[in-house]
Amino acid sequence: MNKKVVIVGGEGNGGVIVSCIEDNKRRFGNHEWEVAGFINDYEKEVAGYPVIGGLGTIPDLLLNTDYYFFWAIHLVGRNVLTEQLFRKANIPKDRLATIIHQSAFVAANAIIEPGVFIMANCYVGPMAQIGVCSMIMANSMIGHNIKMGPLCHCSVGSIMTGYSELGLCADLAVGSTLLAYVKVGNFATAGAASLVTKDIPDYEIHVGIPAKFLKRVRED
Ligand SMILES: CC(C)(COP(=O)(O)OP(=O)(O)OC[C@H]1O[C@@H](n2cnc3c(N)ncnc32)[C@H](O)[C@@H]1OP(=O)(O)O)[C@@H](O)C(=O)NCCC(=O)NCCS
C-alpha cells in the first residue's frame, strides 16, 4: 500500500509516529504508511527524515495528491495556539493519515475519526468516539462509551474510565486517570499522575489525587 505521510511537527510526537510506522513494518509486515518527510518551521531534519517545508507550505503540498498529513503539533499548556495553527493549515479530512500500531486493541464499533494516532499496547473500548487528530500514546486505556474531542492528547499510560469525556484539544498527562462520567474541558489539562474525580473546566490545569486547580493554560 505505502501511502505517503507528511508529519506536521517535531521530534517529540513526530518521532513517536515514525517509530510506530517503522515498527508496524518491521514486526508486523504492515506497509500502509511511508514517511515522506516533516513540516517544521525550525529544523532541516526530524527523526532522520527531511523537513520538506514549513507550515506555510501546506497549501502547496496539498496539491500533491499522493500526500497525506499527520498533525503532530500539540503544545501542552498552550493548546489555544495548537488549535489556531491546525485551523489555519486547513487540511481536508480525507487527506489526514490515521495511524494505529498493530498491537493496539480497538473495538470494532469504536468511532475513530481521520488523523487519529493510537500507539502500542493501547485499549480502545466499545462505542468510544475519538475526535479528529487526537493522539493516544502507548499503554493508554480508553474506556467504553467515552467521547474525545478533536486534537486531544492522551499521554503514555493515561486512563479514561467508561463514559468520561475530553473536550476540544484537551490533555491527559502521563499516567493520569479520569473517572467515569467526568469531563476535562476544552483546552484543559489533567496533570501528570492525577486522579480526576470532578469535571475540569475549560482552560484549567488540575493536578494531584484528587485533582485540584493548579493554574489556567496560556490563552495566547
Ligand atoms: C500540568 C503540568 C504541566 C504542570 O507542571 P508545571 O507547569 O511545571 O507546574 P508548576 O511548575 O507551575 O508547579 C506548581 C506546583 O504544582 C506542583 N505540581 C506540578 N505538577 C504536578 C502534578 N502533576 N501533580 C502534583 N503536583 C504538581 C509542583 O510541584 C509545584 O508545587 P510547589 O509550588 O509546591 O513547588 C505537569 O504536571 C504535567 O502534567 N506535565 C505534562 C506531562 C506530560 O504528560 N507530558 C507529555 C509527555 S509525552
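As the structure lists them, so they are numbered: ligands from 1, and atoms in each ligand from 1.
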Taking atom 16 (O) of ligand 1 as the reference point, the nearest protein heavy atom with its distance: Leu214 CD1, 3.3 Å
Donor-acceptor contact present, side-chain Ser158 to main-chain Gly175, <3.5 Å: no
Heavy atom of protein inside 4.0 Å of atom 31 (O) of ligand 1, strictly below: no
Per-atom contacts of ligand 1 with Ala192, taking only distances under 4.0 Å to non-hydrogen atoms: 22 (C), 23 (N), 24 (N), 37 (O), 38 (C), 39 (O)
Atom 12 (O) of ligand 1: any protein heavy atom closer than 4.0 Å: yes
Heavy atom of protein closer than 4.0 angstrom to atom 35 (O) of ligand 1: no
Contacting atoms of ligand 1, where contact means under 4.0 angstrom from a heavy atom of Ile205: 1 (C)
Within-shell test, Lys215 vs ligand 1, heavy atom, strictly < 4.0 Å: yes
Heteroatom proximity flag, Val174 to ligand 1, N/O under 3.5 Å: yes
Atom indices of ligand 1, in the order listed, that fall short of 4.0 Å to a heavy atom of Ala173: 39 (O), 41 (C), 42 (C), 43 (C), 44 (O)
Tyr67 atom OH: more than 12 heavy-atom contacts under 6.0 Å: yes
Protein heavy atom at shortest distance from atom 46 (C) of ligand 1: Ser155 OG, 3.5 Å
Where ligand 1 meets Gly191 - atom numbers and elements under 4.0 angstrom, heavy-atom basis: 1 (C), 23 (N), 39 (O)
Shortest protein contact, atom 3 (C) of ligand 1 (heavy atom only): Val76 CG1, 4.8 Å
Under-4.0 Å protein heavy-atom contact, atom 7 (O) of ligand 1: yes
Passing option when Phe38 is tested against Val8, Val6, Ile17, Val51 for side chain to side chain contact (heavy atoms under 4.5 Å, CB included): Val51
Neighbour count >12 (heavy atoms, 6.0 Å) for atom CE, Met141: yes
Audit row: Ser194, Ser176, side chain to side chain donor-acceptor pair (under 3.5 Å) steps and yes/no: CA-CA 5 Å; Ser194 56; Ser176 58; 4.7 Å; no
Heavy-atom side-chain proximity of Leu85 to Trp71 below 4.5 angstrom: yes
Connected via hydrophobic side-chain network under 4.5 Å: Ile91 and Ile39: yes
For atom 26 (N) of ligand 1, the protein heavy atom that lies nearest, with its residue and separation: Val207 CG2, 3.8 Å
Any protein heavy atom < 4.0 Å from atom 28 (C) of ligand 1: no
Option passing side chain to side chain contact (heavy atoms under 4.5 Å, CB included) with His153 (candidates Leu166, Thr82, Asn13, Leu75): Asn13
Asn24 (side chain) donor-acceptor with Gln102 (main chain) under 3.5 angstrom: yes
Sub-4.5 Å side-chain heavy-atom contact between Arg27 and His101: yes
Exercise check, heavy-atom protein proximity under 4.0 Å to atom 24 (N) of ligand 1: yes
Linked, directly or transitively: Leu168 and Ile136 (ILVMFWY side chains, under 4.5 Å): no
Sub-4.0 Å protein heavy atom near atom 48 (S) of ligand 1: yes
